[in-house]
Every structure is written in structure tokens, then in C-alpha cells.
There are 2 protein chains.
Amino acid sequence: MMQERLSSPTNTFSKLPAEKKAKIEAALLKEFADKGYQKASLNTVVGSLGIAKGSLYQYFANKESIFLYIFDLFTAKVKGMLQRSSGHELPQADLWQAVRRTMFAGIAFIDRYPDFYQLYLNVLFEHEVPQREELISRVRLFPMEYFGPLVALGQAQGRISRAVPLSMVVFLIDASLDRFLQGYARSYLDGGLGLATMGPSELVAEVDLLIKTLKNGLGSHEDQG
Amino acid sequence: MMQERLSSPTNTFSKLPAEKKAKIEAALLKEFADKGYQKASLNTVVGSLGIAKGSLYQYFANKESIFLYIFDLFTAKVKGMLQRSSGHELPQADLWQAVRRTMFAGIAFIDRYPDFYQLYLNVLFEHEVPQREELISRVRLFPMEYFGPLVALGQAQGRISRAVPLSMVVFLIDASLDRFLQGYARSYLDGGLGLATMGPSELVAEVDLLIKTLKNGLGSHEDQG
DNA sequence: CATCATTATGACCAGGTGGTCACAATAGCC
DNA sequence: GGCTATTGTGACCACCTGGTCATAATGATG
């Protein structure tokens, strides 16, 4: 009695040769990433694919379900990447190691799937994207559920300040992480760090610096390290 | 030989009675804030205003110039608010006081002009907004030019850690500030802080906590305060 | 009043959209 | 081959968009 999801393509689509399926998915992703949901044109997609519009509508019910299907591909990719990056983590792992790993996983994701990341940014802020809030929370829950327990553990062990509420710790980490990645992907958001033009090693140094700064704070301490 | 800006309305528009002008501006802002640039419909606007479409095109050259004009109103409002909030600052003012003031100014701005803030978020992330990067940098320069010198001063005086490059300090402050305000305006971005449902005094406490955390860091210190 | 400049109007246009459907092509099976 | 079920097709539809323009209304000036 499993309900078909609205984002499900028809089984005509699932029976398609893998290669053709991949091409269609890629073209759709590109269009949604480039133009956003509203301005994405299915006419353009079928044109560039060289298939008939009717075919597209034999694969999917409508534009919305097409979009949701593509976004599903994105969440699957994110999930996979996060699991791979945190999979070997020990139960009492260090929060900062986890943050570091997530950061690099994010950077790698943007490098490997720039269109998917663009799609995500579109959803974050575009109006009238179908089911926007639900889609966003689906993605944002991953890191939150991941960091929360680690912060609690760190506080219990005394390595994370107990003076700061857990929610604030998570907020700051999330904000820094997200904004760093946004700056990496869109140079005008990096606040002058120049992330877009950095080489890999510089990027690593910058990530480590950011984490160290999050840990130690911006104020000066008597014993400066 | 002053070149007319592309965003300039015709002088037909400037000669309009102030009341009518304000109504038109408000309706346009509302539409752009609600729908974003692309999906905003001028037909809807003239419909809700009860004026003819031709009139709108006697006030402005085209949709783009309409949008740029409305965005100009926004930057003017932001400029005014920032100047008012920082105007009385002493030359050797404290960075953290400045951050605090900017934070509250931002909150007040969102409360007072939610549509303008929405407009800004649209521009930040929507595709194919005319001159997007230029518009964004126009707004983002304000706080950056403001905080940069204060950070440098703080580092010279030894109150801000000299171990952290100025650009990183500015990045973290900017990211926290921006994200906090985004979370305040869009609850699904607040990372669980629950900003949207807070009363004013709670909000003040949260801002102070955030600033204190930025200063002291997330790690625990022997002398915990 | 008449004359002229300015402003308001809305029917109209070309272009694009998501979506449909009668039909053509193909594939599988006997 | 012939028959059926599935898949591919693109002309077509209603709808909406930003933008135009001939014309009407209004205001100013004498």
C-alpha cells in the first residue's frame, strides 16, 4: 500500500535505457540550476535533448514532479557524500574533526556537482518553488542531526564550552559552514576571503583557520596561540 | 552632463502627487518582494492600483528600470538606518558595540520594512535579476567598510586577536550577522534558535550571547566566564 | 472660450509558457 | 506476416507576459 510519491516518474521513464535516462536528468538539472524553477523552460530542455515534448510528459506528470524528482537526486547525492565522509567516525569522535570533514565534503561536492549545489541555492531563496520549506528542511536536517550529539558530547567532556547553549553552538557552526561554502561557490558572498581563486592547499589552510577561530574566538587571550 | 541613471523614473512620475507616488512604490515593492523579479507581474500591479498599464510605462522605461528604482529606495533606507545607528560612534569605538548596534539595526529594519528585506533576499539568490552583483555589492559594502577599520583598530589595541587575519574576522562577523538576520526573517534558516518566536528581550539576550560567543569562541577555556 | 501640451487609457501585439492529444512509429509475441 | 501494447511525436491550445500606441481626457495658458 505504498503511496507513489508525487515526484515519481512514470515507469515508462524507469524502463528507459540508463544512458538516455542520465542524459535527460542532466539536461533537466542544468536547466533548473541555470534558471531556477520558475524560469526553467521545458521547451528548452526538450529542444536541447532532441526529444519531443510529449515524451517528457510521458515520463513525468508535470513540471512540479519533474523538479521534485531532480531535487530527490540531489538529496540522495548529499546523503551519500555525508555518509561517506562521516562513516568511519568513532562514537566519541571530535566535533571539530567532524566539522572539518563536513567542510571538505561540501567543497568536494560543489566541485563535483556544481549544478546540484546551484539547484540547492535556488531552492533556498527562490519564491514559489513547490514545497520549498519541506525540501530545505530535508537537506538541513542532515548536518544538524549530525552535529547536535557531537556538541553535547563535547560539552559533557568539557572540550566545548558549557557556557554556550547547544543551540547556539550548532547555529554558529552551521552559519560558518554554510556561508563558507556559499562564498566558495559565489565569490560575491565570501566577504573578501577570496575563496573562489584559492588553490586546494590554501583552501585547506583557510578551513583550518576558520575552525581554529571558531574554537578560540575573535577576542585576544593572554596566552595567545 | 549628468547621465540619467537607468533606474530613473520619468519626470512625469516625479511630478506625481506624493501620495499617489507612495502608493505606486508600495505596490511595486510588494509585488517584487512577494514574487521576485522574474515572476512579478506588472499587470497584477496596475490591476491592484487601478491604473492603466500605459501609465506605468509613462513613469518608467521598462520592467528593469522599475525594479532598479525600487531597489534604490531600499539602499537609501538601509543607508539611512546604518548611519543613524552608527552616527554617534566615537572614532576609537569598540568593534563589539558596533556589531551589536548593527545587529539591532538589522532586526529593526526587518520589523519595519519586511518587504524591503524580502526584496534583498530575492536579489541575493534569484537568477537573472538585472545587475544583481552590482546591487548586492552596493549593500554589502556598507557594513564591510564599517567593520574593517574597527577590526584593525581592535587588533592594534590588542583587544582583537592578532592571530586571526582581518579578513577572517570580518568574514565571521559578517556571516554570523547575516545568518542571524536571515534566521530572524525566515525561521527555517535559524538553525533551531527559534528567533522568529522570541520576544524583544529574549532577542536582545540572544544577540548578546552570540557576540560573546564570537568573542570567546566555542572551545572551553580554563578560566571560564 | 479655444489651443496646445501633458497625462491617462486599455485594446492590442508578438512571444513564450506548461500542458494535451490524435496519430505515427516501434517492439513483442503468436 | 499480422495483431496488440507500448512509446515517441509535434502541432496545437489557452493563458499570461512585457511592451506599444492611437486616442481620449485633463490642465494650463491666452
Side-chain angles (χ1 to χ4, degrees), chain A residues 6-25 27-28 30-32 34-71 122 126-131, chain B residues 6-25 27-28 30-32 34-71 122 126-131:
Chain A
L6 260 175
S7 59
S8 287
T10 64
N11 57 353
T12 299
F13 181 70
S14 24
K15 279 191 288 181
L16 242 43
E19 195 187 341
K20 184 169 185 180
K21 234 170 70 174
K23 263 186 192 162
I24 292 175
E25 289 169 359
L28 287 169
K30 185 78 177 9
E31 181 71 7
F32 282 123
D34 282 355
K35 315 258 191 79
Y37 176 76
Q38 290 293 341
K39 226 209 161 189
S41 159
L42 301 182
N43 289 325
T44 301
V45 172
V46 297
S48 82
L49 280 172
I51 67 173
K53 179 135 59 130
S55 296
L56 201 53
Y57 278 87
Q58 218 146 17
Y59 303 151
F60 300 93
N62 49 39
K63 189 182 187 182
E64 174 169 338
S65 89
I66 293 176
F67 174 77
L68 293 176
Y69 173 73
I70 298 295
F71 196 86
N122 294 161
E126 190 181 344
H127 277 275
E128 317 207 16
V129 170
Q131 307 182 34
Chain B
L6 260 174
S7 59
S8 288
T10 63
N11 58 353
T12 300
F13 181 70
S14 23
K15 279 191 289 181
L16 242 44
E19 194 186 341
K20 185 170 185 181
K21 235 170 69 173
K23 262 185 192 162
I24 292 175
E25 289 169 359
L28 288 169
K30 185 78 178 5
E31 182 72 6
F32 282 122
D34 282 355
K35 313 258 191 80
Y37 177 75
Q38 290 292 343
K39 225 210 162 188
S41 159
L42 300 182
N43 289 326
T44 302
V45 172
V46 297
S48 82
L49 280 171
I51 68 173
K53 179 137 57 134
S55 295
L56 202 53
Y57 279 85
Q58 218 145 20
Y59 302 151
F60 300 93
N62 48 38
K63 191 183 187 182
E64 174 170 337
S65 89
I66 293 175
F67 175 76
L68 293 176
Y69 173 74
I70 299 294
F71 196 86
N122 295 162
E126 189 181 345
H127 278 273
E128 316 206 18
V129 170
Q131 309 182 31

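Residue numbers start from 1 in every chain, and the chains themselves are labelled A, B, ... in the order their sequence lines are given, proteins ahead of strands.
- Looking at residues two or more places apart in sequence or on another chain, you find no side chain to side chain donor-acceptor pair (under 3.5 Å) involving B:S48.
- A salt bridge (charged side-chain N to carboxylate O under 4.0 Å, His left out) check over residues 42-63 of chain A, counting only residues at least two apart or in different chains, returns nothing.
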Margin query: Does the protein touch nucleotides 8-23 of chain D at the base, only the backbone, or not at all? Give it as B, S and - per nucleotide, heavy atoms under 4.0 Å.
Written below: BBB------SBBBB--
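- Taking B:T12 as the reference, nothing meets the side chain to side chain donor-acceptor pair (under 3.5 Å) condition, with sequence neighbours excluded.
- Applying the salt bridge (Lys or Arg N to Asp or Glu O under 4.0 Å) test to A:K39 and every residue at least two apart in sequence or in another chain returns B:E128.
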Mind listing the N/O atom pairs, protein and nucleotides 25-28 of chain D, below 3.5 Å?
none

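- Partners of A:E31 according to the side chain to side chain donor-acceptor pair (under 3.5 Å) rule, which considers only residues two or more places apart in sequence or in another chain, are A:K35.
- Evaluation of the side chain to side chain donor-acceptor pair (under 3.5 Å) rule for A:T10 yields no partner, not counting sequence neighbours.
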Please set out all donor-acceptor pairs under 3.5 angstrom arising from side-chain atoms of residues 15-25 of chain B, sequence neighbours excluded.
{"from": "B:E25", "atom 1": "OE2", "to": "B:Y69", "atom 2": "OH", "distance (Å)": "2.6"}

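- Residues satisfying the side chain to side chain contact (heavy atoms under 4.5 Å, CB included) test with B:D34, not counting sequence neighbours, are B:K30.
- Scored by the ring-ring contact (aromatic ring centres under 6.0 Å, His included) test, B:F71 finds B:F74 as partners (sequence neighbours excluded).
- Counting heavy atoms from C-beta on, the side chains of B:Y57 and B:L42 come closer than 4.5 Å.
- Nucleotides of DNA chain C that come within less than 4.0 Å of any heavy atom of chain A span, from the 5' end to the 3' end, C:dT17 to C:dC21.
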